Asker: 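Got a structure here, written out as structure tokens. Questions coming.
This structure is a prediction, so every number in the text was calculated from the model and none was measured. Quick note on labels: first sequence line is chain A, next is B, and so on, each numbered from 1.
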4 protein chains.
Amino acid sequence: MARGINKVILVGNLGNDPDTKYTQGGMAITRISLATTSVRKDKDGNQQERTEWHRVVFFGKLGEIAGEYLRKGSSVYVEGSLRYDKYTGQDGVEKYSTDIIADEMQMLGGKGDGGGGGDRPQRSAPAQRQDSAPRRQQPATQQAPMDDFADDDIPF
Amino acid sequence: MARGINKVILVGNLGNDPDTKYTQGGMAITRISLATTSVRKDKDGNQQERTEWHRVVFFGKLGEIAGEYLRKGSSVYVEGSLRYDKYTGQDGVEKYSTDIIADEMQMLGGKGDGGGGGDRPQRSAPAQRQDSAPRRQQPATQQAPMDDFADDDIPF
Amino acid sequence: MARGINKVILVGNLGNDPDTKYTQGGMAITRISLATTSVRKDKDGNQQERTEWHRVVFFGKLGEIAGEYLRKGSSVYVEGSLRYDKYTGQDGVEKYSTDIIADEMQMLGGKGDGGGGGDRPQRSAPAQRQDSAPRRQQPATQQAPMDDFADDDIPF
Amino acid sequence: MARGINKVILVGNLGNDPDTKYTQGGMAITRISLATTSVRKDKDGNQQERTEWHRVVFFGKLGEIAGEYLRKGSSVYVEGSLRYDKYTGQDGVEKYSTDIIADEMQMLGGKGDGGGGGDRPQRSAPAQRQDSAPRRQQPATQQAPMDDFADDDIPF
DNA sequence: TTTT
DNA sequence: TTTT
């Protein structure tokens with residue numbers, strides 16, 4: 001039985017284009033880096049900003065939609081759950097990562113998409129985008145491997 | 001201006017007693033490790049369980065309440081926001097941590113508390129509990145230091 | 001395309017046993033009345049309590065589970081969406097109702113259930129419970145008819 | 001003690017300009033009508049749309065901000081709680097209303113505002129807007145009086 | 001890295 | 001009444 005609730009709700013903007021990969025079985029896995037910024041007053045009364053960069057992962061059909069419609073700068077609503085992973089880096093050191101596994105997404109219309117929150121994309125050749133380019137410089141807060149997903153790695 | 005929404009909602013059980021510390025200025029900072037468990041069927045049709053251990057932090061008045069009323073096993077509702085931190089470990093290696101900064105809490109009545117969801121506690125001497133014991137076996141996924149908080153380190 | 005987010009999250013206690021009915025096609029529709037209580041200080045500094053009674057509706061499989069496991073007094077987490085309906089009462093007057101259409105539920109262990117948050121129920125004969133008794137004193141804020149559901153009336 | 005969680009999260013568009021009133025004590029009360037639209041397939045496989053119109057109320061400082069920056073068509077994130085009220089209409093009949101009492105709001109940039117999610121408004125004379133005109137034709141799903149608020153009617 |  |  002499931003015990004407990006693990007729910008995340010985010011509204012933010014993408015720091016980069018989505019990164020879509022496919023499992024051996026053909027399931028899409030799309031990752032985005034999503035910014036949310038909050039403000040607080042420090043003790044001197046100055047506005048202090050702080051931006052969190054969330055690693056959000058979309059699986060399956062949602063991964064295809066996210067990879068197709070989201071772009072750098074897009075404003076998006078995401079709902080999902082927290083997943084913490086532990087892995088051994090290439091340097092042999094144990095590392096931790098935190099991901100939000102999305103189970104709902106909605107575009108919100110803003111810079112980076114064609115506007116309008118979810119309509120047809122303005123791009124002409126979306127299909128061959130996914131796996132060609134070395135779009136690998138995502139300096140995400142926490143780095144974790146993603147190349148070795150098995151087909152049943154969809155988390156729900 | 002704040003841009004974006006960064007919201008976490010958790011219902012889970014504490015893996016250990018809370019850990020309360022105080023800043024130089026006397027502000028309470030309480031940390032708990034909160035478990036949520038989800039299930040999914042793997043490809044063989046077997047129920048697969050997975051437990052996430054969330055690091056939740058309560059500041060100020062909420063930190064005092066959490067430290068006073070929560071106990072190992074307590075069932076609790078927490079609302080807060082995600083905060084990702086980067087720090088250098090004692091081994092000189094850069095590490096990352098993820099915390100949920102709580103801004104709302106509600107006890108839910110269950111094992112570990114006196115029952116009743118937020119009623120008076122049954123314990124008699126809560127005060128001298130905080131910093132004595134080597135309660136270090138917290139099953140927290142990711143470990144981060146917490147001793148060096150300044151007084152204005154409250155995140156909102 | 002869906003536009004917008006319509007999400008409700010409740011943790012509360014049932015004011016009565018659930019009320020389960022079935023459509024002609026055999027789909028379960030279970031209604032509960034769920035209390036949440038908040039406090040605020042009035043201008044004289046006195047604690048003022050206020051209880052909201054939410055009408056929550058579960059369809060299909062979730063309706064069966066809710067009807068089977070929930071009882072008066074049960075503590076439950078509910079996630080769903082708001083639905084406003086307009087109907088003509090038996091007195092010929094137009095009326096409005098507000099329901100939360102649940103799409104997730106989790107028992108939280110407390111008075112009214114067998115404890116344990118979702119475990120097997122203690123009852124022996126759950127089946128013939130549904131439609132016998134005149135359980136009509138539901139403290140529901142707003143009353144609406146529910147007998148005439150068609151089979152495709154499931155709202156998602 | 002508060003018992004339970006009563007939380008609503010909405011992202012939608014305003015059907016009309018906000019309606020701001022002031023209590024005798026000068027507290028702003030702003031009401032908006034917010035649309036969210038969902039889709040589902042009916043049994044014939046056709047896409048069925050359904051729009052909910054939420055009555056959202058902002059008190060105090062938030063009421064001033066909402067009245068100032070939101071406009072018909074604005075896209076907005078709202079977080080709040082459900083409140084059900086019962087009142088006697090001018091026709092002597094008892095009526096019910098449901099409101100979402102907002103405690104957080106964030107503009108999302110879209111038609112109806114100057115774009116950009118919360119920036120300075122483009123309007124030139126916002127000040128005398130609030131109380132003059134007979135903007136009374138809001139056919140909100142459920143109608144309730146709002147003229148007779150006392151100063152301590154702020155709900156938290 | 002985004003956005004305002 | 002909004003929006004796409």
Side-chain angles (χ1 to χ4, degrees), chain A residues 10-19 31-39 47 49-56 69-78 106-121 135-143, chain B residues 1-6 84, chain C residues 1-6 84, chain D residues 10-19 31-39 47 49-56 69-78 106-121 135-143:
Chain A
L10 302 173
V11 176
N13 296 277
L14 278 75
N16 270 308
D17 282 351
D19 177 24
R31 291 179 168 273
I32 63 169
S33 190
L34 195 66
T36 60
T37 301
S38 60
V39 285
Q47 296 261 339
E49 288 207 349
R50 186 186 157 103
T51 295
E52 307 299 336
W53 286 99
H54 305 90
R55 294 162 41 107
V56 180
Y69 290 97
L70 298 179
R71 285 295 169 270
K72 176 174 177 172
S74 295
S75 177
V76 68
Y77 170 95
V78 169
Q106 196 165 125
M107 293 187 62
L108 294 174
K111 183 194 165 303
D113 70 291
D119 264 348
R120 306 283 109 204
R135 219 172 330 107
R136 285 267 37 137
Q137 303 88 314
Q138 296 241 160
T141 303
Q142 296 158 241
Q143 199 72 3
Chain B
M1 268 296 290
R3 278 100 56 197
I5 299 296
N6 171 0
Y84 308 104
Chain C
M1 267 295 292
R3 279 101 57 197
I5 299 295
N6 171 1
Y84 309 103
Chain D
L10 302 173
V11 175
N13 296 278
L14 278 75
N16 269 310
D17 282 350
D19 177 23
R31 290 178 169 274
I32 64 170
S33 190
L34 194 66
T36 60
T37 300
S38 59
V39 285
Q47 296 262 337
E49 288 209 351
R50 186 185 157 102
T51 296
E52 307 299 336
W53 286 100
H54 306 90
R55 295 163 38 108
V56 180
Y69 290 97
L70 298 178
R71 286 295 168 269
K72 177 174 177 172
S74 296
S75 177
V76 69
Y77 170 95
V78 169
Q106 195 166 127
M107 294 187 63
L108 292 174
K111 183 193 166 305
D113 68 291
D119 265 349
R120 309 280 112 203
R135 220 173 328 110
R136 287 268 36 139
Q137 302 89 312
Q138 297 242 158
T141 303
Q142 298 159 241
Q143 199 73 2

Asker: Just call it for Thr36(D): base, sugar-phosphate, or nothing, with non-hydrogen atoms closer than 4.0 Å on any strand.
Answerer: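 No contact at all - Thr36(D) keeps every heavy atom at 4.0 Å or more from the nucleic acid.
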Asker: Expressed in angstrom and rounded to an integer, what is the separation of Arg3(C) atom CZ from dT3(F) atom P?
Answerer: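 Value for this atom pair: 11 Å.
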Asker: Which whole-number value in Å describes the distance from Arg55(A) CZ to dT2(E) C1'?
Answerer: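 Value for this atom pair: 17 Å.
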Asker: With a 3.5 Å cut-off and just heavy-atom distances, do the side chain of Asn16(D) and the base of dT1(F) make a donor-acceptor pair?
Answerer: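 Answer is yes: a donor-acceptor pair is held.
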Asker: Looking at side-chain heavy atoms only, is the closest gap between Gln106(A) and Ile5(C) below 4.5 Å?
Answerer: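 Counting from C-beta outward, Gln106(A) and Ile5(C) do come under 4.5 Å.
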Asker: To the nearest Å, give me how far apart CG (Leu70(D)) and P (dT2(F)) are.
Answerer: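 One finds 16 Å between P of dT2(F) and CG of Leu70(D), rounded.
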Asker: Examine the base of dT1(E) for any acceptor or donor lying under 3.5 Å from a partner atom in the side chain of Ser33(A), and report the outcome as yes or no.
Answerer: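 Yes.
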Asker: Whole Å only: how far is the CD1 atom of Ile5(C) from the P atom of dT2(F)?
Answerer: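 In whole Å, dT2(F) P lies 21 Å from Ile5(C) CD1.
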Asker: In whole Å, what is the span from the CG atom of Leu34(D) to the C1' atom of dT2(F)?
Answerer: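 Rounding to the nearest Å, CG of Leu34(D) and C1' of dT2(F) are 8 Å apart.
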Asker: Under a 4.5 Å cut-off applied to non-hydrogen side-chain atoms, are Pro18(A) and Arg71(A) in contact?
Answerer: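 In contact.
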Asker: Any side-chain heavy atom of Ile32(D) within less than 4.5 Å of one from Asp19(D)?
Answerer: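 Side chain of Ile32(D) against side chain of Asp19(D), heavy atoms only: no contact under 4.5 Å found.
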Asker: With the six-membered base ring of dT1(F) as reference, does the ring of Trp53(D) sit under 5.5 Å away with planes under 30° apart?
Answerer: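 Base of dT1(F): stacked against Trp53(D).
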Asker: Could you check how far CD of Gln106(D) sits from C1' of dT4(E), rounded to whole Å?
Answerer: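 Between C1' of dT4(E) and CD of Gln106(D): 10 Å.
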Asker: Between dT1(E) atom C1' and Ile32(A) atom CD1, what is the distance in whole Å?
Answerer: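 My rounded result for the distance is 12 Å.
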Asker: Atom NZ of Lys72(D) and atom P of dT3(F): how far apart are they, to the nearest Å?
Answerer: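 Nearest whole value for this atom pair: 7 Å.
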Asker: Could you check whether any side-chain N or O of Arg55(A) sits under 3.5 Å from a backbone N or O of Trp53(A), counting only pairs where one atom can act as donor and the other as acceptor?
Answerer: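 Here the side-chain-to-backbone pair does not exist.
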